[in-house]
Amino acid sequence: MRYAVIGQRAALMLATVLLAGCVTVPDAIKGHSATPQDDLVRVMNAPQLYVGQESRFGGKVVKVSNLNGKTRLEIAAQPLDEGARPTLGAASNGRLYADINGFVDPVDVNQQMVTVVGTIRGTEKGQIGEASYNYLVIDVSGYQRWRVSQQVVMPPQPMDPWIWYGPTRHRHGYWGPNPWYGFNMGAPAQVQTFLTE
């Protein structure tokens, strides 16, 4: 009985690990390059070297400007994970302008987490508050808006304080103390926050 419970829990944990390992980049932001530029700090150190190259950046949209024939997103960029999702809680590593052809309603993207893929056009001077700032500008070919989701993760539950050690050919079964009793007893549930499509 004890081994069956442990086996079920181990199988559940293994399935969770395997599913987490199957992270893929959504089609909208895959792009055409096998390795699009995604290190904003490196690109901003010498932006002229990267003009015309494909890039993929993500983060929080802090401003949306609807211009004639395009929509400009100002993004506070964050590092991306293996699924091209911005890393929640990571500090911004810079700002960029992402120009999307056509109209995008600010209601749909303002203050949202996004990932954009597109060609680096160069830099443009702008301002953050009263400070001058040099923005990287990319022409967007695809973008993904992420939803922030949460789930409650329960700690492993303790097993019964007494377990039955089953009979064998040489002896009868007996009751004995469970060495796992009390493991994580009273541990609080945790809330995990993550991004989904």
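- With values rounded to the nearest 0.5 angstrom, Ile138 atom CD1 is found 13.0 Å from Gln53 atom CD.
- No single ILVMFWY cluster, assembled from side-chain heavy atoms under 4.5 Å apart, contains both Ile75 and Leu80.
- The cluster map of Ile, Leu, Val, Met, Phe, Trp and Tyr, joined by side-chain heavy atoms under 4.5 Å apart, puts Val137 and Ile128 in the same cluster.
- Under a cut-off of 6.0 angstrom, the local environment of CD in Gln190 is sparse, with at most 12 non-hydrogen atoms contributed by other residues, nucleotides or ligands.
- With rounding to the nearest 0.5 Å, the separation of CE in Met44 from CG in Asn93 is 11.0 Å.
- Between the side chain of Thr115 and the backbone N or O of Gly58, no donor-acceptor pair lies under 3.5 Å.
- Looking only at distances, a side-chain donor or acceptor of Glu54 sits under 3.5 Å from a matching main-chain atom of His32.
- One hydrophobic cluster, built from ILVMFWY side chains closer than 4.5 Å, cannot hold both Val116 and Met113; they sit in different ones.
- Here the side chains of Val104 and Lys70 are not in contact, with every heavy-atom distance at 4.5 Å or above.
- A salt bridge links Arg72 with Asp99; the closest basic N to acidic carboxylate O contact falls under 4.0 Å.
- The two residues Gly59 and Pro86 come nearest to each other via the heavy atoms N-CG, 3.5 Å.
- Judged by distance alone, the side chain of Arg145 and the main-chain N or O of Asp108 form a donor-acceptor pair under 3.5 Å.
- One distance of note links NZ of Lys30 with OG of Ser141; it measures 14.0 Å at 0.5 Å rounding.
- By the neighbour-count criterion of 12 heavy atoms within 6.0 Å, atom OH of Tyr135 is densely surrounded, having more than that number from other residues, nucleotides or ligands.
- The heavy-atom pair separating Leu195 from Val148 by the smallest distance is CD2-CG2, 3.6 Å.
- Heavy atoms only, all atoms of each residue included: Ala77 and Leu96 are closest at CB-CD2, 4.0 Å.
- Using a 4.5 Å heavy-atom threshold, the side chains of Trp146 and Arg85 count as touching.
- Once rounded to the nearest 0.5 Å, the distance linking OH of Tyr50 with CG of Leu40 reads 11.0 Å.
- Checked by atom type and distance alone, the side chain of Gln144 never pairs as donor or acceptor with a backbone atom of Ile29 at under 3.5 Å.
- Judged purely by atom type and a 3.5 angstrom limit, Thr71 uses its side chain to pair as donor or acceptor with the backbone of Gly102.
- Here the shortest heavy-atom pairing between Ala28 and Val117 reads O-CG1, 3.9 Å.
- In plain terms, the two heavy atoms of Leu136 and Gly122 that are nearest each other are CD1-O, 3.4 Å.
- Side-chain contact between Ser55 and Asp38: absent, with no pair of heavy atoms (C-beta onward) separated by less than 4.5 Å.
- Panel note: side chain Tyr133, backbone Arg95; a donor-acceptor pair is recorded below 3.5 Å.
- When hydrophobic clusters are built by joining Ile, Leu, Val, Met, Phe, Trp and Tyr residues whose side-chain heavy atoms come closer than 4.5 Å, directly or via intermediates, Phe57 is grouped together with Val140.
- The two atoms that bring Pro47 and Asn45 nearest to each other are CD-C, 3.8 Å, heavy atoms only.
- One finds no salt bridge joining Arg147 and Glu197 here, because no Lys/Arg side-chain nitrogen approaches an Asp/Glu carboxylate oxygen to under 4.0 Å.
- Val43 is connected to Leu49 through a chain of hydrophobic side-chain contacts under 4.5 Å among Ile, Leu, Val, Met, Phe, Trp and Tyr, so both are in one cluster.
- Rounded to the nearest 0.5 angstrom, Leu88 CG and Thr193 OG1 are separated by 7.0 Å.
- In this structure, Val51 and Arg121 have side chains that are not in contact, with every pair of non-hydrogen atoms separated by 4.5 Å or more.
- Side-chain contact, Arg42 with Gln37: a donor N or O sits under 3.5 Å from an acceptor N or O.
- Note: Asp139 CG to Ile120 CD1 = 10.5 Å, rounded to the nearest 0.5 Å.
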